[in-house]
Amino acid sequence: MNLIHALQDNTDPNSLVSRFRRARAKRIVDLITKIHAEKGSVNIIDLGGEANYWTLFDSRFLQASNVRITLVNPGGIDEVADPRLFTVVDGDACALPQYADHAFDLVHSNSVIEHVGDWTRMEAFAAECRRLAPRYYVQTPYFWFPVEPHFSAPFFHWRSEQSRARSLLKRRHGFSQKAPDMGAAMRDVQHARLLDKAQFRFLYPDAAHHDEVVAGLTKSLIAVRDPTSH
């Protein structure tokens, strides 16, 4: 199995992507366990999240921890299988004024900030992550990892936008189909804007920062704020 396929395959429990997800899940389990010990329940807001992601976690653990998860997406998402666990909200994760400061116990975001738009919107998204709960967990792919996860092509994201758009006019790349015109190609190209470490640390200055590493290279960046950690 080549590296690109290994990074894409989430059906094999022994694949790289499955191992990364389990490692990420452990960090979140630790946060949930702490919050439950403090409060007896855990109120999570998942910015840009999907219900299917939470199948990584043992449903018995979530139930025993009295977890409630609010999923926020533009336009909402399809109905969820377990409305006792999930609340679906139609909203812009860069601006959620309907929620007070620390309205939740934990903000969760997995591979979302790179999709919210330009730098100004990234700053707004990060500010909401920091505002909405005392604790947060944010993960994003790393700009300097050579394989771009959305287009599944080595070095693709290091090329100019114009060059990437021209490539999408010729054929599909990863999750992006062959573009019918330049407009569609540019929208796909600009839909994913990866961050480097300096940018990510600026956006989350009060977090502990962790690297996910594969083959000696940082693949993803993780920011965790937990006031009880030392």
Side-chain angles (χ1 to χ4, degrees), residues 7 17 20-21 23-28 30-32 34-35 43-50 53 69-74 89 91-151 156-158 160-161 164 187-214 217-230:
L7 291 171
V17 68
F20 283 131
R21 286 185 173 183
R24 293 175 196 169
K26 183 181 184 307
R27 294 187 190 276
I28 298 161
D30 289 345
L31 290 168
I32 290 173
K34 282 187 178 182
I35 296 166
N43 192 12
I44 299 172
I45 184 167
D46 188 355
L47 302 180
E50 298 179 350
Y53 167 88
I69 301 168
T70 299
L71 303 170
V72 178
N73 288 279
V89 171
D92 178 0
C94 297
L96 295 167
Q98 66 269 41
Y99 298 119
D101 295 357
H102 289 188
F104 298 87
D105 302 313
L106 173 66
V107 171
H108 175 277
S109 172
N110 187 74
S111 295
V112 174
I113 192 170
E114 70 271 18
H115 296 298
V116 301
D118 62 15
W119 180 254
T120 300
R121 282 183 56 79
M122 287 183 177
E123 286 187 298
F125 179 90
E128 290 293 68
C129 291
R130 301 196 308 270
R131 182 183 72 81
L132 289 168
R135 293 177 170 92
Y136 62 70
Y137 170 97
V138 180
Q139 180 272 347
T140 191
Y142 181 43
F143 177 81
W144 290 111
F145 188 69
V147 179
E148 208 287 344
H150 308 96
F151 299 100
F156 186 81
H157 52 308
W158 296 345
S160 69
E161 287 187 349
R164 284 177 279 161
R187 287 191 292 275
D188 266 4
V189 164
Q190 291 191 347
H191 183 57
R193 304 171 190 236
L194 303 192
L195 296 167
D196 68 15
K197 290 184 181 181
Q199 292 170 317
F200 197 56
R201 288 177 182 272
F202 177 86
L203 293 170
Y204 297 100
D206 53 358
H209 287 263
H210 309 276
D211 294 356
E212 282 187 340
V213 177
V214 59
L217 300 173
T218 297
K219 171 187 173 290
S220 299
L221 307 176
I222 296 173
V224 179
R225 182 175 71 186
D226 179 3
T228 64
S229 292
H230 302 286

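Sequence positions, counted from 1, serve as the residue numbers for this chain. Since we're looking at a predicted model, the values are computed, not measured.
With hydrogens and angles ignored, the 3.5 Å screen pairs a side-chain donor or acceptor of Asp118 with a backbone N or O of Thr120. Listed for the Glu128 side chain is no donor-acceptor partner under 3.5 Å among the backbone atoms of Phe125. Side-chain atoms of Asn43 do not come within 3.5 Å of backbone N or O of Asp105 as any donor-acceptor pair. Of the possible polar contacts, one joining the His157 side chain to the Phe145 backbone as a donor-acceptor pair under 3.5 Å is found.
If you take CZ on Arg135 and CG on Asp226, they are separated by 4.5 Å, rounding to the nearest 0.5 Å.
The shortest heavy-atom contact between Val107 and Cys129 is CG2-O, 3.5 Å. Nearest heavy-atom pair, Ala124 versus Cys94, reported as atom, atom and distance to 0.1 Å: CB-O, 3.6 Å. Considering every non-hydrogen atom in both Thr218 and Tyr142, the closest pair reads O-CD2, 3.2 Å. Between Ser109 and Leu47, the shortest heavy-atom distance links the atoms OG-O, 3.9 Å. Summarising the geometry of Arg130 relative to Leu203, their closest heavy-atom pair is NH1-O, 2.7 Å, with the distance given to 0.1 Å.
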(message) Go through it in stages, so that I can follow the logic: the residues are Ile28 and Ile44, the test is side chain to side chain contact (heavy atoms under 4.5 Å, CB included), and I'd like the CA-CA distance, side-chain angles, deciding distance and then a yes or no.
(response) CA-CA 11 Å; Ile28 298 161; Ile44 299 172; 5.6 Å; no

(request) Start with the C-alpha gap between Val72 and Asp46, add the side-chain angles, then the distance that decides, and say whether side chain to side chain contact (heavy atoms under 4.5 Å, CB included) holds. (result) CA-CA 6 Å; Val72 178; Asp46 188 355; over 6 Å; no

(message) Under the criterion salt bridge (charged side-chain N to carboxylate O under 4.0 Å, His left out), I'd like the reasoning laid out for Arg121 against Asp92: C-alpha separation, chi angles, the key distance, then a yes or no.
(response) CA-CA 10 Å; Arg121 282 183 56 79; Asp92 178 0; 3.1 Å; yes

(message) Run His108 and Leu31 through side chain to side chain contact (heavy atoms under 4.5 Å, CB included) and show every step you take.
(response) CA-CA 11 Å; His108 175 277; Leu31 290 168; over 6 Å; no

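Between Tyr99 and Phe104, the angle of the ring planes goes over 60°, which puts this pair in the perpendicular group of the 30/60° scheme. Ring geometry for Phe143 versus Trp158: interplanar angle of 30 to 60°, hence tilted.
In terms of the side chain to side chain contact (heavy atoms under 4.5 Å, CB included) criterion, residue partners of Asp30 (sequence neighbours excluded) are, by chain and number, Lys26.
Aromatic ring centres of His150 and His115 lie closer together than 6.0 Å.
In this structure the side chain of Tyr204 never reaches within 4.5 angstrom of the side chain of Arg225, judged on heavy atoms.
Residue-environment remark: CD (Glu50) stays at or below the threshold of 12 foreign heavy atoms within 6.0 Å.
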